[in-house]
Amino acid sequence: MSSIGFIKSYSIIRNNQAILNGEEFLKGAPEDDFATFIRSLYKKLEITHSPFYKMDDMCKLGLMATELILKDSAIKEKYTDTEIGVVLSNSSSSLHTDASYYETVKDKSNYFPSPAVFVYTLPNIVIGEICIRNKIKGENTFFIFEEYNPEFITDYVNNLFSSGKLKSCIAGWVEFCEGKYEAFLYLAEAAQAENLITHTAEQIKKIYNF
């Protein structure tokens, strides 16, 4: 039986709103599109990270949700690079970027699709950017489900804790398709500390439906 980890912090980004640990961090205007909102969040977090501007939308979404949960965290000082991992999931894979690519080639007179469409498109590259920026070298993977599956993800992460492969993990859901987006990421640890939420599917569902 796997041991149960503990949730240190969580972030939710949806409907032009960013939530950090149950508190509103940023609220965009109702008419803002994703690009406008995510740039506002990037600026509020006071980030200087030039690859941000080359990423596709799903990658930007995942990176900003991660920046939120790590904003006041000391995990990089507490654990080695290989003791921290990333386990993410979604349902659409890179469908949003695939659709963007199709738009560049459906006109038969256009024989040269924009090369920008091919930059940072796959789900695993979302994890790659998170790991590169934060120097994370522990186990990482990206699962594709029909819908968010907290039972599977929590069991998977808790098993990583039980095996000793990881001591801390960024986990959750990053979805972007046809302009609709949602990120729910959290930082879990194997070690117990005061007033932490247990890392179970039941607790994750309560937070996710915030």
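Bear in mind that the values here come from a model prediction, so they are computed numbers and not experimental data. Just so you know, these numbers use all the heavy atoms, side chains as well, and skip hydrogens, waters and symmetry mates.
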How long is the straight-line distance from OG1 of Thr141 back to CG of Leu88, given to the nearest 0.5 Å? 9.0 Å
Are Ser91 and Glu147 close enough that some pair of their side-chain heavy atoms sits under 4.5 Å apart? no
Would Glu189 and Tyr79 count as having a side-chain donor-acceptor pair, cut-off 3.5 Å? yes
Hey, what do you get for CG (Leu68) to OG (Ser9), rounding to the nearest 0.5 Å? 9.0 Å
Do you see a donor-acceptor pair shorter than 3.5 Å between the side chains of Asn149 and Tyr156? no
Does atom CD of Glu31 have more than 12 heavy-atom neighbours, drawn from other residues, nucleotides or ligands, at distances under 6.0 Å? yes
Residues Phe161 and Lys167: closest non-hydrogen pair is CE2-C, 3.8 Å
Of all heavy-atom pairs between Met55 and Glu129, which one has the smallest distance, and what is that distance? CE-OE1, 3.2 Å
Looking at Asn158 and Ile4, would you say the former's side chain and the latter's main chain have a donor-acceptor pair under 3.5 Å? no
Are Phe142 and Asn90 side-chain neighbours, meaning at least one heavy-atom pair lies under 4.5 Å? yes
Please confirm whether the backbone N or O of Phe37 pairs with a side-chain atom of Asp32, one donor and one acceptor, at under 3.5 Å? no
How about CD on Glu146, more than 12 heavy atoms from neighbouring residues, nucleotides or ligands closer than 6.0 Å, or not? no
Smallest separation among heavy atoms of Ile19 and Glu24, with atom names: CD1-CA, 3.7 Å
Which atoms form the tightest heavy-atom contact between Ala65 and Ser11, and what is the distance? O-OG, 2.9 Å
Does one side chain, of Asp33 or Thr36, offer a donor that lies under 3.5 Å from an acceptor on the other? yes
Could you tell me whether the side chain of Asn209 and the main chain of Ile207 form a donor-acceptor pair under 3.5 Å? no
Evaluate the side-chain proximity of Ile197 to Phe6: yes if any heavy-atom separation is below 4.5 Å, no if none is. no
Return the minimal non-hydrogen interatomic distance between Leu187 and Ile69, and the atom names on each side. N-CD1, 3.9 Å
Run the ring-centre check on Tyr186 versus His199 and record whether the distance is less than 6.0 Å. yes
ring-ring contact (aromatic ring centres under 6.0 Å, His included) evaluation trace for Phe184 with Trp173: CA-CA 5 Å; Phe184 167 53; Trp173 174 260; 9.8 Å; no
Pair Tyr208-Glu182, side-chain donor/acceptor within less than 3.5 Å: yes
Contact check, side chains of Leu160 and Val87, non-hydrogen atoms, under 4.5 Å: yes
When you look at Arg14 and Glu175, which way does the salt bridge (charged side-chain N to carboxylate O under 4.0 Å, His left out) test go after all the steps? CA-CA 10 Å; Arg14 61 166 80 108; Glu175 181 80 318; over 6 Å; no
In this structure, CD of Gln203 is separated from OG1 of Thr198 (nearest 0.5 Å) by 4.0 Å
Smallest heavy-atom separation, Gly172 atom then Ile153 atom, equals N-CG2, 4.5 Å
Mind checking the CD1-NZ spacing from Ile38 to Lys43? Nearest 0.5 Å is all I need. 12.5 Å
Are Met64 and Ile132 grouped together when hydrophobic residues (ILVMFWY) are joined by side-chain heavy atoms under 4.5 angstrom apart? no
Using side-chain heavy atoms (C-beta onward) and a distance below 4.5 Å, is Ile84 in contact with Lys135? no
Does a donor on one side chain sit under 3.5 Å from an acceptor on the other, for Lys27 and Asn16? no
Heavy-atom count check: over 12 atoms from other residues, nucleotides or ligands less than 6.0 Å from Glu46 CD? no
Test side chain to side chain contact (heavy atoms under 4.5 Å, CB included) on His49 and Leu63; report intermediate values, then the result. CA-CA 11 Å; His49 187 58; Leu63 189 72; 3.8 Å; yes
Rounded at 0.5 Å granularity, tell me how far CD1 in Ile47 sits from CZ in Phe52. 7.5 Å
Nearest 0.5 angstrom please: Lys78 NZ to Ser168 OG, how far? 8.0 Å
Got Cys131 and Asn140 here, is their nearest side-chain heavy-atom distance under 4.5 Å? yes
Take Phe34 and Leu61 through the side chain to side chain contact (heavy atoms under 4.5 Å, CB included) test and state the conclusion after the steps. CA-CA 9 Å; Phe34 175 78; Leu61 178 61; 4.0 Å; yes
Would you please test Lys137 and Glu83 for salt bridge (charged side-chain N to carboxylate O under 4.0 Å, His left out) and show each step? CA-CA 8 Å; Lys137 298 179 182 178; Glu83 292 175 329; over 6 Å; no
